[in-house]
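Each remark here refers to the structure printed beneath this line.
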Amino acid sequence: LSTRSGSTTASKEAGKKQADNEAAKTKTEEERKEEKRRGRKERKKKLKEQYGEDYDTAQQILVDLCNEMKELKTALREDQEKTTTAMMGNLESNQLIMKSLSDQLEAMQ
């Protein structure tokens with residue numbers, strides 16, 4: 001009887017150890033899964049922050065580019081007006097010279 005009860009106790013202890021080991025494994029797996037989940041969450045958060053910063057940077061670049069384009073357009077318009085005014089002045093001057101030369105030619109004939 002004592003041999004039998006000893007083996008029963010040993011088998012109970014072995015069963016308890018196995019149950020403890022399985023519980024530890026399960027806990028370890030759950031902890032590992034939780035760490036993995038936290039890691040994914042942190043990576044997602046970092047990516048969102050980085051994306052947000054990249055988006056803000058890209059948006060600022062576009063705003064700056066648009067402002068520079070407006071300034072360029074204004075400068076080109078002003079230069080075109082100056083060029084047109086100068087051309088008109090040259091044309092008037094050339095017409096006066098032509099008229100003067102024409103008058104001189106008539107006077108010589």
Side-chain angles (χ1 to χ4, degrees):
L1 190 69
S2 64
T3 313
R4 194 166 188 210
S5 71
S7 67
T8 306
T9 307
S11 98
K12 283 182 183 178
E13 286 178 20
K16 187 176 179 189
K17 282 184 183 179
Q18 186 178 1
D20 288 345
N21 286 340
E22 287 179 19
K25 270 187 188 178
T26 305
K27 188 174 182 182
T28 305
E29 287 179 29
E30 287 175 5
E31 288 172 352
R32 188 176 48 81
K33 286 179 183 178
E34 181 62 25
E35 286 177 14
K36 194 174 182 180
R37 188 184 65 77
R38 270 192 239 129
R40 275 187 264 155
K41 261 189 165 182
E42 287 175 19
R43 279 192 302 258
K44 273 186 179 179
K45 186 178 179 182
K46 285 179 185 176
L47 285 173
K48 280 183 182 179
E49 287 173 3
Q50 184 180 2
Y51 174 76
E53 289 171 8
D54 290 348
Y55 179 81
D56 291 344
T57 302
Q59 191 172 20
Q60 187 59 49
I61 289 170
L62 285 173
V63 168
D64 292 344
L65 186 60
C66 286
N67 288 336
E68 288 179 23
M69 294 287 284
K70 287 177 185 176
E71 290 171 10
L72 179 63
K73 184 178 176 181
T74 302
L76 285 173
R77 197 173 278 152
E78 289 172 359
D79 288 346
Q80 186 179 12
E81 289 172 6
K82 289 178 185 175
T83 303
T84 302
T85 303
M87 277 180 48
M88 294 300 287
N90 286 339
L91 284 174
E92 288 175 13
S93 173
N94 288 346
Q95 285 176 343
L96 290 174
I97 291 171
M98 289 293 291
K99 186 171 183 341
S100 172
L101 289 173
S102 178
D103 290 345
Q104 286 177 13
L105 185 60
E106 279 182 24
M108 292 172 99
Q109 289 178 352

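Because the structure is predicted, anything quoted here is derived from the model rather than measured.
For Ser93 (side chain) and Gly89 (main-chain N/O), no donor-acceptor pair under 3.5 Å exists by modelled atom type. The closest donor-acceptor contact from the side chain of Ser102 to the backbone of Met98 lies at 3.5 Å or more, if one exists at all.
Salt bridge annotation for Glu81-Arg77: absent, with no cationic side-chain nitrogen under 4.0 angstrom from a carboxylate oxygen. By the 4.0 Å N-to-carboxylate-O rule, Arg37 lies close enough to Glu34 to be salt-bridged with it.
Taken to the nearest 0.5 Å, the CD atom of Glu42 stands 10.5 Å off from the CD atom of Glu35. Going from atom CD of Glu49 over to atom CG of Leu47 covers 9.5 Å, rounded to the nearest 0.5 Å. We find the CG-CG distance between Leu96 and Leu91 to be 11.0 Å, quoted to the nearest 0.5 Å. One finds the CG atom of Leu76 at 9.5 Å from the CE atom of Met69 (value rounded to the nearest 0.5 Å). Distance check: Thr85 OG1 to Lys82 NZ gives 10.0 Å after rounding to the nearest 0.5 Å.
Residues Glu29 and Arg32 have side chains in contact (heavy-atom distance under 4.5 Å, counting atoms from C-beta outward).
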Go through Arg43 and Lys46 one step at a time and tell me if the side chain to side chain contact (heavy atoms under 4.5 Å, CB included) criterion holds.
-> CA-CA 5 Å; Arg43 279 192 302 258; Lys46 285 179 185 176; 5.7 Å; no
Would you sort out whether Leu101 and Gln104 count as a side chain to side chain contact (heavy atoms under 4.5 Å, CB included), showing the intermediate values?
-> CA-CA 5 Å; Leu101 289 173; Gln104 286 177 13; 4.0 Å; yes
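Atom CD of Gln80 has 12 or fewer neighbouring heavy atoms from other residues, nucleotides or ligands inside a 6.0 Å radius.
Of the N and O atoms on the side chains of Glu71 and Asn67, not one donor lies less than 3.5 Å from an acceptor on the other residue.
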